[in-house]
Each structure stands twice: as C-alpha cells, then as structure tokens.
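The next block holds one structure in the form of structure tokens; read it before the comments.
Everything numeric here is computed off the predicted structure, so don't read it as measured data.
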Amino acid sequence: MTVAIPEGWFVMGSAAGQEVERPVHRVWVDAFAMAATQVTNEEYSQFLSATGREYPSFWNDPNFSDPRQPVVCVSWFDAVAYCEWLSQKTGDRYRLPNEAEWERAARGGVDGRLFPWGDEPPMSRSRYGERWKNGPEPVGQSEPNAYGLYEMCENVHEWCSDWFAPDYYTISPEQNPRGPEKGARKVSRGGSWRHHIKISRCSTRSSIPPEFQYADYGFRVVKGS
C-alpha cells in the first residue's frame, strides 16, 4: 500500500544535528506516493522467485525470517533491481525515494520537530527498552506518522536514490533536489534496530557504499516519476 505525500515546501535539515545536516534550508518537493511500510521478506521473496536473484544473508535466520519483517542485507543495487522488477510487474513506475522526499515524508507535514511524533526522546516511546533485541520488528507495528507511514526513522536503515556528499546542502537546488551527480556512497535514512539509540531524528543523514549488505539495511519504495 502506498500513501500520497502532497507537494509542498518544507524545512530540511537541523541546526541541532550533525554538520552534514546543515545549513537548514527550505525545499520544494513534488507530490509522490510512498509505501506505508518497509519492503518485507514476503514481498521480496516474490522478486527472488521471479528473477532467480541470490537470497540475502540471514534469509533463513529465525531472527530475520518472519515474512512481515523488513528484508535486510540487501545492497543498493538489489533495492534498485527490486524497484525495476516491481515496475515491470505492475505497469507503474517504482523507485527508491530521494533524500528530500524521504525527509519530507518522515516529518509528516510538520516542520521543526526532531522526530515524527515531536521532540520527546526515543526512550519515551512505549516499550522502547523491550524492542529490537535480536533483529528488526515486523512492519506496521509502530504508531504511524501524520501521513500514515510506519517505522519511519526506526527498525532498519532505508536506502535512498541519492549519492551522498557531506556538504550537499550548501549547493542543493531549492526545488526537487536529487543529490550529487556522482559519489562513492549512497544516502540512507532512518534508525536501526542494532544501534544504541534505535530511532533517528527526521533529519539524520547516513551513507555507505552501494554494494554493502548489512543486517540493519532495508528499503521502502515510492511510486511516481
């Protein structure tokens, strides 16, 4: 299921965050639709069966194999291949979100808050200390944000389409920024089940090389041009 994210301006970045989150700047993003949840093992298994692509690491590990858990240990290239397969299967265009779209969606239409729910720290969330002991949770269990998106900023890091540059915000266009033309690392957003602090701020930026496959990396798709 996808959720419509309306076009509009929002304030991207954070003065309270790391240097790569500055300068805080206003960005326009065109309307798009984003999957309500991270891509699950159940969904990814259809792609594997149809394409014969290699199964990810930990596929049969009981800590990661629930059909409703997000698929993990997928590279950026795996995520892009899934989007291409899904586009061909459905006749609609699916792709990874760019970094600006992801942050716009995570904020739920409200600027200035640290987290999708407000400024209260992650430890204030219900059952925070009991969750994410050995792997990510099945999707759709957390309270959705104002747009109706689940697990934004938590569970697994999510690949974005952009190349990463630490100083990109100093030169990014005001409308529909799509990242640098080239780079060595791809942007990822959101928190991770295995980090000390499990839920990230909406503006937190991270990146790794696109070929890496980690047990706390997954993705969600967007639909549209």
Side-chain angles (χ1 to χ4, degrees), residues 1-6 10-18 21 24 32-44 56 58 61-74 79 96-97 99-160 187-206 214-222:
M1 181 184 72
T2 59
V3 175
I5 311 298
F10 80 102
V11 177
M12 188 171 184
S14 173
Q18 299 177 333
E21 298 169 48
V24 177
F32 62 99
M34 176 175 268
T37 66
Q38 295 148 353
V39 173
T40 64
N41 288 323
E42 182 177 26
E43 292 167 328
Y44 199 75
F58 302 116
D61 187 312
N63 291 319
F64 299 95
S65 59
D66 187 295
R68 293 298 297 163
Q69 281 180 296
V71 65
V72 296
C73 292
V74 289
L96 294 177
E99 188 173 18
E101 289 172 332
W102 197 98
E103 186 168 330
R104 163 94 168 143
R107 291 189 177 280
V110 181
D111 286 336
R113 300 192 305 191
L114 294 177
F115 301 97
W117 62 82
D119 293 334
E120 297 81 12
M123 290 69 77
S124 69
R125 306 303 286 166
S126 175
R127 298 179 45 255
Y128 179 82
E130 305 169 21
R131 302 170 64 191
W132 302 301
K133 295 299 186 183
N134 299 304
E137 294 183 337
V139 302
Q141 295 199 122
S142 296
E143 182 180 349
N145 75 356
Y147 282 146
L149 302 169
Y150 294 86
E151 285 85 44
M152 295 298 285
C153 300
E154 61 186 76
N155 221 24
V156 293
H157 296 303
E158 300 180 22
W159 287 112
C160 292
V187 171
S188 59
R189 287 299 194 108
S192 160
W193 65 268
R194 67 177 182 180
H195 285 199
H196 176 63
I197 298 176
K198 313 293 186 184
I199 305 175
S200 73
R201 292 172 290 102
C202 293
S203 60
T204 300
R205 305 177 72 202
S206 54
Y214 285 162
D216 58 348
Y217 263 72
F219 66 105
R220 77 176 72 210
V221 301
V222 299

Specify the closest pair of heavy atoms between [X] and [Y], including all atoms of both residues, with the distance to one decimal.
X      : Y      : value
His157 : Ser206 : ND1-OG, 4.3 Å
Phe115 : Cys202 : C-SG, 3.6 Å
Ser203 : Arg107 : CB-NH2, 3.6 Å
Ala15  : Val24  : N-CG2, 3.3 Å
Cys160 : Trp102 : SG-CB, 4.1 Å
Leu149 : Ala35  : CD2-O, 3.5 Å

[X] side-chain N/O to [Y] backbone N/O, donor-acceptor pair under 3.5 Å:
X      : Y      : value
Arg205 : Val187 : no
Arg113 : Pro116 : yes
Asn41  : Asp66  : yes
Arg131 : Asn155 : no
Gln69  : Asn63  : yes
Trp159 : Val74  : yes
Glu151 : Thr37  : no

Spacing of CZ belonging to Arg68 relative to CD belonging to Glu43, to within rounding of 0.5 Å: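 CD of Glu43 is found 6.5 Å from CZ of Arg68.
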
Find the distance between CD (Glu154) and OG (Ser142) and round it off to the nearest 0.5 Å.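 Going from the CD atom of Glu154 to the OG atom of Ser142 covers 3.5 Å.
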
By the definition salt bridge (charged side-chain N to carboxylate O under 4.0 Å, His left out), identify the one residue from Glu99, Glu158, Glu21 that meets it with Arg189.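 When salt bridge (charged side-chain N to carboxylate O under 4.0 Å, His left out) is applied between Arg189 and each of Glu99, Glu158, Glu21, only Glu99 qualifies.
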
Starting from the C-alpha separation in whole Å, work towards a yes-or-no answer on side-chain contact (heavy atoms from CB on, under 4.5 Å) for Val139 and Tyr150. CA-CA 7 Å; Val139 302; Tyr150 294 86; 5.9 Å; no

Exceeds 12 heavy-atom contacts within 6.0 angstrom, atom CD of Gln141: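 Buried by this count: over 12 neighbours within 6.0 Å.
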
Within a strict 4.5 Å, meaning less than it, do heavy atoms of the Cys73 and Phe64 side chains meet?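 No - every pair of side-chain heavy atoms lies 4.5 Å or more apart.
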
Is the shortest heavy-atom distance from the side chain of Arg104 to the side chain of Tyr147 under 4.5 Å?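 Answer yes - side chains close enough.
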
Hey, could you give me each pair passing side-chain hydrogen bond (donor to acceptor under 3.5 Å, both in side chains) that has a residue in residues 114-126? Not counting sequence neighbours.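 For residues 114-126: none.
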
Distance only, no hydrogens: is a donor on one side chain within 3.5 Å (strictly under) of an acceptor on the other, for Asn134 and Trp193?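 Judged by distance alone, the side chains do not pair up.
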
